[in-house]
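These notes are about the structure you will find just below.
To find a chain, count down the sequence lines: A is the first, B the second, and so on, and within it residues start at 1. Please read these numbers as outputs of a predicted model, since none were measured by experiment.
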Amino acid sequence: MRGTRRFWLTLAAIGCLVAGGGLLDAPLLLVGAVGLAGWLLAMQIAFVRGVSRLRNELTVSQSLERSRIRTDVETRYTLQASVDAADGHLPLSIEATVPLAARIEGGRSTAITLDASMQSSSVAVPLTWETVGNHTIPGATVTVSDGSGLFTQSFTTASGPEITVESPSVGPIHVGQGGKRLLRGVGEHDARGRTGGLSAEEIRKYVPGDALKYVDWKATARLDETHVRNYEAESNRSVVLVLDHRHTMGDGPPGETKLDHLKAVAAAFQQRAETIRDPLGYLTIDDAGVTESRIPVARAEAYRSCQHRISDLDTETETPATATATAAHTGTMTGVVNPNTDTQSPMETTLLAYREAARSKRHIPNQPLYNGFQAAPSEIRGADLLVICTDDNNPSELRNTVGLARSNATEVVVFITPSVVFDADLVADLDTAYERYRSFDQFRRGLNEIDSVTAYEVGSPDQISAILSGGTANTEQGEYA
Amino acid sequence: MSIARETNERSLRSIPTVLGLLGIVAAAGGLVLGGPAWLGLAGVALGGLYLFGTPVLAVVFGQIALVAVDAPSLRTLALVEGGLFIVLLSRAVATPHSRAAGGLVALVVPLLGGITWLSLERWSLDPLPVGAVLLTGVAVVGYLLHRYLLLELDIVTEDPASDSDFQ
């Protein structure tokens with residue numbers, strides 16, 4: 001409870017009366033002071049009682065139009081308050097606090113005032129969310145004052161609704177093969193991981209060939225016939241996203257570039273991994289090399305980190321995070337293999353140098369994707385599922401990278417944005433575009449033929465349809481139509 | 001964008017100004033009857049303070065004016081003190097929970113005033129110690145009410161160690 005200025009003035013008046021009564025030896029002034037103090041006390045008791053009642057009678061609700069939204073999209077926030085009191089209530093004001101991640105359009109106020117005669121009130125303001133993540137509207141602050149303006153009291157209501165803000169979408173995305181859209185959700189995968197447990201699925205009759213260890217002896221005894229228990233593998237495999245954000249990924253109209261499309265695909269994998277708690281890591285590469293990498297872990301902060309990284313990716317060149325590490329892998333046999341050479345014998349130094357030379361990796365000029373992946377930590381290279389998001393600007397580099405990835409990872413999925421789909425003058429010469437698309441598709445099929453590698457094309461469905469429609473006139477091109 | 005406001009209004013019952021003015025008239029009348037004629041001006045000042053200032057100041061001024069009356073009679077005392085009490089009561093009635101607030105003022109003010117009067121007139125105690133004791137008691141009760149409200153609103157807990165943030 002806080003006293004207002006009027007409260008303190010009243011106290012001062014009481015003090016003056018007491019002092020005057022003592023100095024002038026006038027007991028009547030003291031009587032007046034005690035009477036005023038008693039009045040103040042009575043008003044305080046009435047206020048405390050009124051606030052306690054109001055707490056039970058007041059209903060404050062905060063709501064958002066949507067619980068999931070993309071950045072820079074407007075949503076409506078509503079603050080409602082009602083007092084279920086038949087015989088009036090103390091005047092109050094309610095002010096909502098909007099998270100820092102949100103912006104109120106037009107600087108509108110989120111406060112409402114309920115006079116003693118008002119039973120309900122509401123305010124609705126448009127909010128624009130600027131930061132990706134999960135946000136909660138904090139509880140509203142209720143400030144109650146008494147009718148005579150002597151006291152105020154503030155308290156906070158329960159927290160408001162939660163909202164998930166996601167990175168902006170590029171609209172409909174074509175993810176498929178040979179012009180046909182992928183039916184399965186992006187990011188879904190079978191349980192083919194190296195790790196993970198088993199969960200019992202069903203009990204069935206034994207058939208010759210079933211392993212004895214799967215015989216369910218209790219069921220066999222109960223049913224008087226041999227039964228086995230089927231198990232279903234639980235997925236818990238590490239997923240690593242390899243995201244190419246070199247300058248060529250900026251091709252395409254603003255907001256619908258190659259990178260924008262691949263960011264949407266990567267975001268789908270991130271969300272999927274978070275949903276099923278798959279360990280998630282990522283590796284981002286631009287023209288200068290690796291810009292950031294995270295080894296796969298199944299922690300909330302790892303999912304948030306990946307989500308923010310995907311959201312922040314652009315085609316501007318960043319300072320390579322692992323330039324030093326990359327450089328270390330580019331040398332051939334050098335004399336320095338261990339900083340603690342003082343403790344090694346000449347024989348050890350020589351042999352270790354040979355061992356390092358054997359381990360040293362091939363550095364290919366102008367292939368940052370390949371070199372970056374090669375220099376990545378083994379946890380990234382050896383992921384159970386490796387998702388490479390890039391374009392077809394340098395097919396040989398991509399082929400090398402996929403080959404290298406396949407030799408380390410269990411499964412590789414490649415999402416490629418065909419450059420032809422993002423060309424501005426595509427419509428001008430559909431025949432040429434179609435031929436380029438065919439070349440791309442042959443390349444994609446080549447990747448697809450590698451064991452445990454699946455390659456998809458990613459692009460605008462309208463553009464791909466336009467290219468394929470250009471090819472329908474040619475009978476030879478009917479395979480894509 | 002529009003801001004939507006929906007209100008359902010109800011009316012409050014009483015207008016306390018009439019009650020307060022009655023108190024002021026009674027107090028001013030008591031002053032004029034028991035004191036010199038110029039105290040009529042004090043009555044006008046009381047009315048002005050009530051209408052344009054605050055009732056608390058009117059009560060303080062009325063109490064000071066009463067001291068100016070040399071040996072006031074019981075009738076004068078009753079009129080002035082009763083009038084000033086009605087002024088305070090009128091403020092309590094103006095609050096939303098008028099019945100409860102008015103009842104509390106009607107109970108507490110005469111109680112404390114009566115105790116003070118008894119202490120001074122019947123028991124012949126010194127004014128200052130009496131005032132100090134009563135005001136200290138009122139302050140302690142006021143503080144306890146403050147703490148009670150903080151507990152009631154879950155702003156603080158019963159564990160004093162965790163009372164880091166209270167308003």
Test item: [X] and [Y] side chains (from C-beta on) under 4.5 Å apart, heavy atoms:
| X | Y | answer |
| --- | --- | --- |
| B/I155 | A/F155 | yes |
| A/V34 | B/I115 | no |
| B/R91 | A/S148 | yes |
| A/L28 | B/W117 | yes |
| B/E152 | A/V48 | no |

Might you confirm whether atom [atom1] of [X] has over 12 heavy atoms from other residues, nucleotides or ligands at distances under 6.0 Å?
| X | atom1 | result |
| --- | --- | --- |
| A/N134 | CG | yes |
| A/R49 | CZ | no |
| B/L144 | CG | yes |

Sort [X] into side chain, backbone, both or neither according to what part of it lies under 4.5 angstrom from a heavy atom of chain A.
| X | value |
| --- | --- |
| B/L134 | side chain |
| B/I64 | both |
| B/L135 | side chain |
| B/Y148 | side chain |
| B/L153 | both |
| B/V138 | both |
| B/E81 | side chain |

Contact leader toward chain B among [options], where contacts are heavy-atom pairs under 4.5 Å:
| options | result |
| --- | --- |
| A/L114, A/L41, A/D146 | A/L41 |
| A/A33, A/S52, A/S82 | A/S52 |
| A/L40, A/V18, A/D25, A/L24 | A/V18 |
| A/T152, A/V51, A/L9, A/L11 | A/V51 |

Please state whether the side chain, the backbone, both or neither of [X] comes within less than 4.5 Å of a heavy atom of chain B.
| X | value |
| --- | --- |
| A/F47 | side chain |
| A/D115 | neither |
| A/L17 | side chain |
| A/I14 | side chain |
| A/A26 | side chain |

So which residue, [options], ends up with the most heavy-atom pairs under 4.5 Å with chain A?
| options | answer |
| --- | --- |
| B/L77, B/L104, B/L89 | B/L104 |
| B/L88, B/L107, B/V105 | B/L88 |
| B/V56, B/L145, B/V60 | B/L145 |

Would the distance check show the side chain of A/Q44 and the main-chain N or O of B/G142 forming a donor-acceptor pair, the cut-off being under 3.5 Å?
yes
A/M1 backbone acceptor or donor facing B/H146 side chain under 3.5 Å:
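Checking the backbone N and O of A/M1 against the side chain of B/H146, a donor-acceptor pair under 3.5 Å is found.
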Shortest non-hydrogen contact from B/H97 to A/G88?
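Shortest heavy-atom contact: CE1-O, 3.4 Å.
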Taking it one step at a time, do A/V31 and B/E121 satisfy side chain to side chain contact (heavy atoms under 4.5 Å, CB included)?
CA-CA 11 Å; A/V31 173; B/E121 294 297 318; over 6 Å; no
